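Okay, so here's the structure we're looking at.
Chain letters run A, B, ... following the sequence lines, proteins first, then strands; residues in each count from 1. Predicted, not measured: the structure shown is a model, and the values here were computed from it.
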2 protein chains.
Amino acid sequence: MRESKKKRLEKKGWQVGSVDEFLGLSDEESQYIELKLRLSEAFRKERRRKKLTQVETARVLRSSQSRVAKIEAGDPSVSVDLLIRSLFALGTTSSELGRLVASRERAAAT
Amino acid sequence: MRESKKKRLEKKGWQVGSVDEFLGLSDEESQYIELKLRLSEAFRKERRRKKLTQVETARVLRSSQSRVAKIEAGDPSVSVDLLIRSLFALGTTSSELGRLVASRERAAAT
DNA sequence: GGTGACTATGCCGGATGCGACATGAACTCG
DNA sequence: CGAGTTCATGTCGCATCCGGCATAGTCACC
C-alpha cells in the first residue's frame, strides 16, 4: 500500500503509544496503528474475562486458533475489519467499542 | 453469510438503522453493517463540511475519485479499514471517531 | 522425563479489497 | 445546444487478508 508499510515495527521492541514519528509515520498512520493495538488488547482482555481458550474463541468466531493468536498479537495480517467483527462476536457493544476507539491511551495490562 | 443466530429486535416499522433481521442478519453482522453506514455518512459529511470535491479528496487520500464515491455510497467493496483510514486522513480524531462508532443512531441528513 | 492443554509462528491457496481507468448521468452556464 | 464540473458505476489486475494446517514453544502436573 503506501510505499512500504514501514518497517515491520521491529518485533516486540516497541513501547506503548509511540512507534510514531520515530519511524516517520504520518499522524494518520500512527493513529491507525495505535487503534489496532487498542483493539487487539481489548480482544484478548475480553476473551480472558470470559475464560475462553483461543480454540473455543475460534469456534465462536468461526475461524481458527492461529487467527485468534494473530488477532491478539496485533499481527500485520489482521485488519481492523477483523478486529471489529471479532469484538462484536464476543459481545462487545457499539458503545463499548466507541470508548475503545476513542481512548487515546492504551490500558495497562492486567 | 454465516448461519442463523436468532435475534429479537422489535424495531417499529423500518426506521433508520435496521436492515436487520428482515434479511436474516445476525446481531454482529447488523452491528457491523450499521457501523459501516455511520462511517460512510460521516465521511461524506466531513468532506462537504470541508468543501472538497471527490477529486480533491481522492488526492488527499492518495486514491481515486471512484473510490471516494464508493466510500460515500457504502459500496460493499469498501472495508471498515478504508473508512477509518479515510476519516483519519480527513482529520477526524480518535475521540470523534469513537463517538461515531458508539452512536447507535445514524444522524439525520443535512 | 513424559503427557496434555494452551498459545505462537510460518506458510499456502483462495477470497476480497484496492487503486485506477473508462464511461455515463445529472446539473449548470453560456 | 455544447462544454465543464461533479458524482456514480462497472471492470480489471494486483496486493493484501483470511482460514486452516502443521509445527514449535511454554507451562503445569504427575
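- Side-chain to base pairing of A:S64 with D:dG19: no donor and acceptor N or O lie closer than 3.5 Å to each other.
- Between the side chains of A:R67 and A:S77, at least one donor-acceptor pair of N or O atoms lies under 3.5 Å.
- Whole-Å rounding puts the A:L82 CG to D:dG20 P distance at 12 Å.
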Report each atom pair, protein N/O against N/O of nucleotides 5-10 of chain D, whose distance is under 3.5 angstrom.
unit_1 : atom_1 : unit_2 : atom_2 : d
D:dC7  : OP1    : B:R47  : NH1    : 3.0
D:dC7  : OP1    : B:R47  : NH2    : 3.4
D:dC7  : OP2    : B:Q54  : N      : 2.6
D:dA8  : OP1    : B:R44  : NH2    : 2.8
D:dA8  : OP2    : B:R44  : NH2    : 3.3
D:dA8  : OP2    : B:Q54  : NE2    : 2.6
D:dA8  : N7     : B:Q65  : NE2    : 3.0
D:dA8  : N6     : B:Q65  : OE1    : 2.9
D:dG10 : N7     : B:K70  : NZ     : 3.2
D:dG10 : O6     : B:K70  : NZ     : 3.3

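- Remark: the backbone N or O of B:T53 is paired with a side-chain donor or acceptor of B:T57 at under 3.5 angstrom.
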Exercise for the section: Could you check B:F43 against B:T92 for side chain to side chain contact (heavy atoms under 4.5 Å, CB included), going step by step and ending with a plain yes or no? Expected result: CA-CA 9 Å; B:F43 178 89; B:T92 302; over 6 Å; no
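- Side chains of A:V78 and A:D75 form a contact here, defined as non-hydrogen atoms less than 4.5 Å apart.
- With a 4.5 Å cut-off on side-chain heavy atoms, A:L39 and A:I71 do not count as touching.
- A salt bridge links A:E46 with A:R49: the distance from a Lys NZ or Arg NE/NH1/NH2 to an Asp or Glu carboxylate oxygen falls below 4.0 Å.
- Residue A:S79 is classed as a sugar-phosphate contact, given heavy-atom separations below 4.0 Å to backbone atoms only.
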Practice task
Treat primed atoms plus P, OP1 and OP2 as sugar-phosphate and everything else as base, then score nucleotides 24-30 of chain C 5' to 3': B for base contact with protein heavy atoms under 4.0 Å, S for sugar-phosphate contact only, - for none.
Solution key: -------
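- Rounding to whole angstrom units, CZ of residue A:R85 and P of C:dT16 are separated by 11 Å.
- The side chain to side chain contact (heavy atoms under 4.5 Å, CB included) search around B:Q54 returns B:R44, B:R47, B:Q65, B:V68, B:A69, B:E72, not counting sequence neighbours.
- Remark: P of C:dT7 and NZ of A:K51 are 13 Å apart, rounded to the nearest angstrom.
- Atom CZ in A:R59 sits about 16 Å away from atom C1' in D:dG19, given to the nearest Å.
- For the pair B:L100 and B:L87, the minimum side-chain heavy-atom distance is below 4.5 Å.
- Remark: A:S77 is not in phosphate contact with D:dC17, judged by side-chain N or O atoms under 4.0 Å from OP1 or OP2.
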